[in-house]
Amino acid sequence: MIDQYGRSINYLRVSITERCTLRCAYCRAAEGDCPKQAELAVEDFSRIAAVMASLGVSKIRVTGGEPLLRRDVAAIIRALRQTPGIAEVTLTSNAQQLPGIAAALKSSGLTRLNISIDSLNEDKYRHLTGGGSLSSVLAGIDEAIAAGLLPLKLNAVLMRGVNDDEIDDFIALTKSRPLDMRFIELMPMGDGTHTHKRVPNDEILAARPYLTPLPPRYPGQPSSDYGIAGHMGRIGLISPISHRFCGNCNRVRVMSDGMLRPCLGANSEVSLLPALQARGDALLRETIYNAIYHKPAEHAFADAGFSPTKTMSRIGG
Ligand code: SAM
């Protein structure tokens with residue numbers, strides 16, 4: 001459907017759990033263990049997907065928290081993929097639990113996968129993620145490629161003096177593997193003590209004149225893509241802070257607690273719970289329609305006094 005600013009909204013991100021296996025430095029480092037909260041059930045996600053599809057959504061990304069923590073993640077993927085009108089179901093994961101299940105996820109209907117990886121150094125990775133295992137991520141990457149979850153996208157959030165010395169190592173991963181390496185600018189959410197370490201993506205570009213602009217893989221994608229002669233994969237720069245792309249935003253988010261958030265970088269949310277408890281889908285459709293129509297024009301990250309109410313791990317990055 002078209003929102004009040006003329007943007008076509010066709011992409012839903014569903015955070016199926018707020019729980020996460022990791023405590024990344026810039027995300028939820030300050031939080032303790034995540035207690036299990038009430039989470040929407042497969043049937044709820046399925047109803048939401050059907051209504052969203054009737055309003056023009058054709059692509060759904062499953063995220064979290066860490067989506068692989070949910071035992072019914074394959075059932076959720078299958079239900080979403082079987083929804084008429086939903087052409088693609090993708091997933092974003094830290095890959096800690098991916099080894100051993102990539103092929104099963106593909107069989108349940110998963111189209112593609114994004115994997116977060118903020119360092120290629122085992123000790124640094126463990127430190128940055130609050131105890132994660134880099135070798136699990138690397139094994140997960142190999143499995144995802146073998147399972148045909150392509151093109152595989154890897155996401156890194158750079159922080160100056162922490163992992164910006166690894167940019168060329170990350171880029172080298174694209175040489176002989178079918179994967180895209182994407183650098184996401186650090187957003188002022190979660191642990192705000194790190195935002196001064198943000199590395200603007202223009203710096204990556206300026207220092208590497210051999211990066212050649214490529215047309216986007218998909219309309220409305222947030223990354224600007226670049227190629228390197230002789231490399232199988234691409235480099236993607238996602239720059240919500242230095243080059244905001246709100247005018248092309250095509251997405252809304254639903255969280256595991258039943259809240260619909262029309263914009264990642266604005267605190268307003270609408271609860272879908274009353275509509276999910278009602279009989280029939282009329283109220284659900286009306287609630288979703290109104291929330292999408294009133295999606296904010298732009299994120300509020302740069303607004304004076306803006307303070308995000310939730311970390312990315314709760315909203316679904
Ligand atoms: N657990 C999954 C994972 O690690 O990919 C999915 C959820 S995680 C919140 C999704 C993405 O959000 C990760 O790539 C993470 O790096 C990113 N993220 C979290 N906080 C962020 C921030 N403040 N700025 C930019 N990206 C952030």
Side-chain angles (χ1 to χ4, degrees), residues 13-31 34 60-70 73 76-77 90-98 105 110 112-119 124-125 128-134 136-137 140-141 144 149 152-160 162-164 166 170 179-201 222-223 236-242 244-245 251 253-256 261 264-265 299-302 306-317:
R13 297 175 72 102
V14 284
S15 170
I16 62 172
T17 182
E18 291 184 4
R19 293 171 291 134
C20 192
T21 28
L22 301 180
R23 282 201 193 101
C24 294
Y26 50 80
C27 188
R28 54 175 295 272
E31 291 178 18
C34 310
I60 300 181
R61 175 167 298 278
V62 176
T63 178
E66 174 47 45
L68 300 187
L69 266 177
R70 270 192 71 153
V73 60
I76 293 173
I77 292 167
T90 59
L91 183 131
T92 300
S93 171
N94 61 31
Q96 294 299 295
Q97 296 148 290
L98 186 60
L105 293 176
L110 190 67
R112 280 179 293 107
L113 188 61
N114 287 6
I115 292 178
S116 304
I117 181 166
D118 289 339
S119 176
K124 203 195 286 185
Y125 181 88
L128 263 174
T129 57
S133 151
L134 177 65
S136 297
V137 187
I141 291 171
L149 290 163
L152 183 66
K153 292 183 188 165
L154 305 187
N155 292 332
V157 175
L158 295 177
M159 288 189 285
R160 201 178 301 288
V162 177
N163 57 356
D164 60 336
E166 297 189 56
F170 283 124
L179 56 82
D180 291 357
M181 184 69 228
R182 307 182 327 157
F183 298 103
I184 305 177
E185 281 177 352
L186 182 62
M187 291 177 244
M189 312 178 74
D191 188 341
T193 56
H194 289 282
T195 40
H196 65 285
K197 297 181 192 157
R198 178 183 309 125
V199 178
N201 275 333
S223 65
L237 303 181
I238 303 183
S239 316
I241 306 298
S242 63
R244 65 170 71 189
F245 40 81
R251 60 200 61 192
R253 293 157 198 270
V254 169
M255 289 157 278
S256 56
R261 180 178 269 239
L264 172 68
H299 68 63
F301 287 138
F306 174 69
S307 168
T309 48
K310 290 182 176 171
T311 58
M312 193 81 93
S313 62
R314 295 190 62 202
I315 301 168

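Just so you know, ligand 1 is whichever comes first in the structure, and atom 1 is the first atom listed for that ligand. Note that this is a predicted model, so its numbers are computed, not measured.
The structure places CG of Leu264 at 5.0 Å from CE of Met312, a figure rounded to the nearest 0.5 Å.
Protein heavy atom closest to atom 16 (O) of ligand 1, with residue, atom name and distance, is Tyr26 OH, 2.6 Å. Gly317 CA, 3.7 Å is the protein heavy atom nearest to atom 10 (C) of ligand 1. When only non-hydrogen protein atoms are considered, atom 12 (O) of ligand 1 lies nearest to Met312 CG, 3.6 Å. Given atom 23 (N) of ligand 1, the protein heavy atom at minimum distance is Met187 O, 2.9 Å. Remark: minimum distance from atom 5 (O) of ligand 1 to any protein heavy atom is reached at Ser116 OG, 2.5 Å.
The contact set between ligand 1 and Met189, taken as ligand atoms under 4.0 Å from a residue heavy atom, comprises 23 (N). Near Thr63, meaning under 4.0 Å from one of its heavy atoms, ligand 1 places the atoms 6 (C), 7 (C). Listed by number with element, the atoms of ligand 1 under 4.0 angstrom from any heavy atom of Gly64 are 7 (C), 9 (C).
Residue Gly65 holds the heavy atom nearest to atom 1 (N) of ligand 1 of all those in Pro308, Gly65, Cys20, Cys27.
Using a 4.0 Å cut-off between charged side-chain N and carboxylate O, Glu18 and Lys310 make no salt bridge.
At a 4.0 Å heavy-atom cut-off, ligand 1 touches Asn94 through backbone and side chain alike. Under 4.0 Å from ligand 1, the heavy atoms of Ser93 that appear belong solely to its backbone. Contacts of Val157 with ligand 1, taken as heavy-atom pairs under 4.0 Å, involve the side chain alone.
Under a 4.0 angstrom heavy-atom cut-off, Glu185 registers as being in contact with ligand 1.
Ser313 approaches Ser15 most closely through the heavy-atom pair O-OG, 4.5 Å.
When only modelled atom types and interatomic distance are considered, Arg19 and Thr17 share a side-chain donor-acceptor pair under 3.5 Å.
Two residues are said to be in side-chain contact when any heavy atoms from C-beta on lie closer than 4.5 Å; Arg23 and Thr129 fail this criterion.
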